[in-house]
Protein chains: 2
Amino acid sequence: MILKSQVEWALHCCAILAGLPQNKYLSTKALAEFHGVPKEYLSKALQSLSQAGIVHTTLGPSGGYRLGKPPADLSFLDIVEAVEGNARTFTCSNIRANNPCRPQGFCDSGPCAVARIMWEADEAWRSKLRSVSLAQLIEMLGQEIPADLWKSTAQWVQQRAG
Amino acid sequence: MILKSQVEWALHCCAILAGLPQNKYLSTKALAEFHGVPKEYLSKALQSLSQAGIVHTTLGPSGGYRLGKPPADLSFLDIVEAVEGNARTFTCSNIRANNPCRPQGFCDSGPCAVARIMWEADEAWRSKLRSVSLAQLIEMLGQEIPADLWKSTAQWVQQRAG
DNA sequence: GAGAGACTACTCGGATACAGTCTGTCCGAGTAAATCCGG
DNA sequence: CCGGATTTACTCGGACAGACTGTATCCGAGTAGTCTCTC
């Protein structure tokens, strides 16, 4: 059970897009070059973000992506679920129903205990992701990245933005 | 990111094995028939549990599996990790290193903020699974399963145990 | 110089291909209990 | 009746195949700016 690499890409792309000047767009090509990943495949992740309303896109030259909401309103969970889907990590196939001792027509009341516990763990994971916003990530990155690198990166983004 | 069906099987099998008389064994065949799953494939999950020391096995006739530890000492996490592996759900490929603005020879101090947050969420998931023991599951099942079904199931297990 | 049309750069979506994992099956090797057979 | 040899029932491990997913690439359709050409 391992998340796709697209999740990592999407998170880093959102972090970059958060530093973009208002009403400017950054192309897939620029984002792909910045992160050193294949442009065409990264485009799939960005499409997922677009469909989820996390980023906004414009066609034509000087087109590309920008965030669709302020970074404070975007949680890690929003981005992860946009790429990975929002299905629970544990699927209950209700194998207790195959118990040969069951009387015919026996009907269960609610999901089985195993599934409930696994779903609680899943919810703990989601809850943590929900509690961290993109704005908080930017703040953390600002603290741990050297000031000159932070500045030159911002310049690079501004130069490529259209 | 969805857990294998083997995880569900392993959890239910451990719950059944917990109801086994001391020093008795239950065969893969019996467990497979009880849960209505393919015997050969279920055997893979049980092998994983065996390698992790969660269950103990004996060869020959009247052989099979029994728990290797008391149910109170077995957590959900033990069982899930035995089948699914203990690798983190998020893998950081350190794509920040591809930032074209980086000076040559730049060296990061510690994992990047994105990975740290994802790993915290992963730990929240594991922590929840670690907090629930197999004994607690048995107790929950005892409360929600009708008494007569609980009894006849115990009898079925005892009859098939060797 | 102004407006219409062509051009360009980009996103979007579908089609395709490849690799790895998940699911499932099959079979031989090894082991321990039960059974059989000779003394 | 007893002890050794055979049989039996099971686990274990590897090999194998098919389906599905993740990764990656390519190309055509559509769109919005930009450029060019004509009047």
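This one's a predicted model, so the numbers in the text were calculated from it and none came from an experiment.
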Assess whether a salt bridge exists between A:E123 and A:R116, defined as any Lys/Arg side-chain N lying under 4.0 Å from an Asp/Glu carboxylate O. no

Under the side-chain hydrogen bond (donor to acceptor under 3.5 Å, both in side chains) test, residues paired with B:E84 that sit two or more places apart: none

Please work out which residues in residues 9-45 of chain A have a non-hydrogen atom less than 4.0 Å from an atom of DNA chain C and list them by number. A:S27, A:T28, A:K44

Nearest-Å distance, NE2 (A:H56) to P (C:dC10)? 18 Å

Not counting sequence neighbours, which residues clear ring-ring contact (aromatic ring centres under 6.0 Å, His included) with B:F34? List them please. B:W156

Earlier contact from the 5' end, DNA chain D, for B:S50 and A:L3: B:S50

Rounded to the Å, how far apart are B:R66 CZ and D:dT11 C1'? 15 Å

What integer distance in Å separates B:Q47:CD from C:dT25:C1'? 14 Å

Whole angstrom is fine here: how far is it from CG in B:L49 over to P in D:dG13? 13 Å

OP1 or OP2 of D:dT23 sitting under 4.0 Å from any side-chain N/O of A:S5? yes

Taking atom P of C:dG20 as reference, at what distance in whole Å does atom NZ of B:K4 sit? 16 Å

Partners of A:K151 by side-chain contact (heavy atoms from CB on, under 4.5 Å), sequence neighbours excluded? none

Under the rule for ring-ring contact (aromatic ring centres under 6.0 Å, His included), what residues qualify as partners of A:Y41, not counting sequence neighbours? A:W9

Which pairs of donor and acceptor atoms, one on a side chain in residues 50-63 of chain B, lie under 3.5 Å apart (sequence neighbours left out)?
{"unit_1": "B:H56", "atom_1": "ND1", "unit_2": "B:Y25", "atom_2": "OH", "d": "3.1"}
{"unit_1": "B:T57", "atom_1": "OG1", "unit_2": "B:G64", "atom_2": "O", "d": "3.3"}
{"unit_1": "B:T58", "atom_1": "OG1", "unit_2": "B:Y25", "atom_2": "OH", "d": "2.9"}

Could you state the atom-to-atom distance from CG of A:L59 to P of D:dT34 in whole Å? 15 Å

